[in-house]
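Below: one structure, written as structure tokens.
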Amino acid sequence: MGAEEYVPDKAGIQQLRKAVHDCRGCDLYKNATQAVFGEGPADAAVLVVGEVPGDQEDRQGHPFVGPAGKLLDKALVEAGIDRTQVYVTNAVKHFKYKPAERGKRRIHQKPGRTEVVACRPWLIAELDTVRPDLVVLLGATAAQSLLGTTFKVTQERGKVVELPDRAERAVATVHPSSVLRSDDREAAYRDLVADLRSAASVLS
Ligand code: URA
Ligand code: SF4
């Protein structure tokens, strides 16, 4: 188990993106359409980590192109983070879902700890290649991939923390999908933007 043996050494982003399609590090490749690797400038100042590609991302092959991505784009702009300076990726690279009981809909499932740990070598390879000044962790899955399972987004959101054994500083916040699901969307969105603003302060 684990992606380690599939990640080429000293590879650039293009090589990594090509290699991820052969990954068999966990079972998720079996039912997904394709792996969805990170995208953005190879020298981006900010690296944003989501959870796992959704239905749209799985079909299109690009991260954050669905509703959560639209909201993220808007929030980044509002927080003063130049979207062209941002590399976006996910903690887990293959879509995880279960078929709806009726019809063709595919229902998003949260990746488990095994899948997050299995896929982490890809994320580490992206970090090693991009070497951002700031890492933004969207939601518990992304945060716990890099900060450990005891990390609590609800308590630590918006704070600048050091990534263990790495030079980068990170800020965790909620996942944009949770804003879309929130009873008070406006407040949840405002809080997300506030966390992203605090993250942006690392850059200046
Ligand atoms: N949610 C994520 O975590 N990542 C995506 O790429 C899309 C939705
Ligand atoms: Fe490999 Fe990650 Fe896909 Fe699992 S989810 S097969 S570890 S790329």
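Counting starts at 1 for both ligands and their atoms, in listed order.
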Which one of Arg120, Lys96, Gln109 satisfies the side chain to side chain donor-acceptor pair (under 3.5 Å) criterion with Glu115?
Lys96
Checking Tyr97 against Asn31 for the side chain to side chain contact (heavy atoms under 4.5 Å, CB included) test, could you report, in this order, the C-alpha distance in whole Å, the side-chain angles of both residues, the deciding distance, and whether it holds?
CA-CA 8 Å; Tyr97 66 94; Asn31 296 320; 3.6 Å; yes
For Glu39 and His62, does a side-chain donor sit closer than 3.5 Å to a side-chain acceptor?
yes
Side chains of Val46 and Tyr87: closer than 4.5 Å at any heavy-atom pair?
no
Below 3.5 Å, N or O to N or O, backbone or side chain included: is there any such pair between Phe64 and ligand 1?
yes
Could you please tell me which protein N, O or S atoms lie under 2.8 Å from atom 3 (Fe) of ligand 2?
His94 ND1
Please state whether the rings of His108 and Phe95 are parallel, tilted or perpendicular, taking 30° and 60° as the class boundaries.
tilted
Just by distance, no angles: are the side chains of Tyr29 and Gln34 close enough, under 3.5 Å, to form a donor-acceptor pair?
no
With respect to atom 4 (N) of ligand 1, which of Val49, Asn90, Val65, Val88 exhibits the smallest heavy-atom separation?
Asn90
Counting from 1, what ligand 1 atoms have a heavy atom of Gly50 closer than 4.0 Å?
3 (O)
If you count the atoms of ligand 1 from 1 in the order shown, which ones are under 4.0 Å from a heavy atom of His175?
1 (N), 2 (C), 3 (O)
Is it the side chain, the backbone, both or neither of Val36 that has a heavy atom closer than 4.0 Å to ligand 1?
neither
Using only heavy-atom distances, determine whether the side chains of Gln14 and Arg17 contain a donor-acceptor pair under 3.5 Å.
yes
Distance from Leu72 atom CG to Phe64 atom CZ, nearest 0.5 Å?
5.5 Å
Quick one: which ligand 1 atoms are inside 4.0 Å of a heavy atom on Glu51?
2 (C), 3 (O)
Does any N/O atom on Ser177 come nearer than 3.5 Å to any N/O atom on ligand 1?
no
Side chains of Glu126 and Thr89: do they bring a donor and an acceptor to under 3.5 Å?
yes
Asp82 and Thr84 side chains, donor-acceptor separation under 3.5 Å:
yes
Sub-4.0 Å atoms of ligand 1 with respect to non-hydrogen atoms of Pro63:
6 (O)
min-distance protein heavy atom vs atom 2 (C) of ligand 1 -> Val52 O, 3.1 Å
Inspect the contact between Arg106 and Asp58 and indicate whether a charged nitrogen and a carboxylate oxygen are less than 4.0 angstrom apart.
yes
Where on Glu57 is there a heavy atom closer than 4.0 Å to ligand 1, on the side chain, on the backbone, on both, or on neither?
side chain
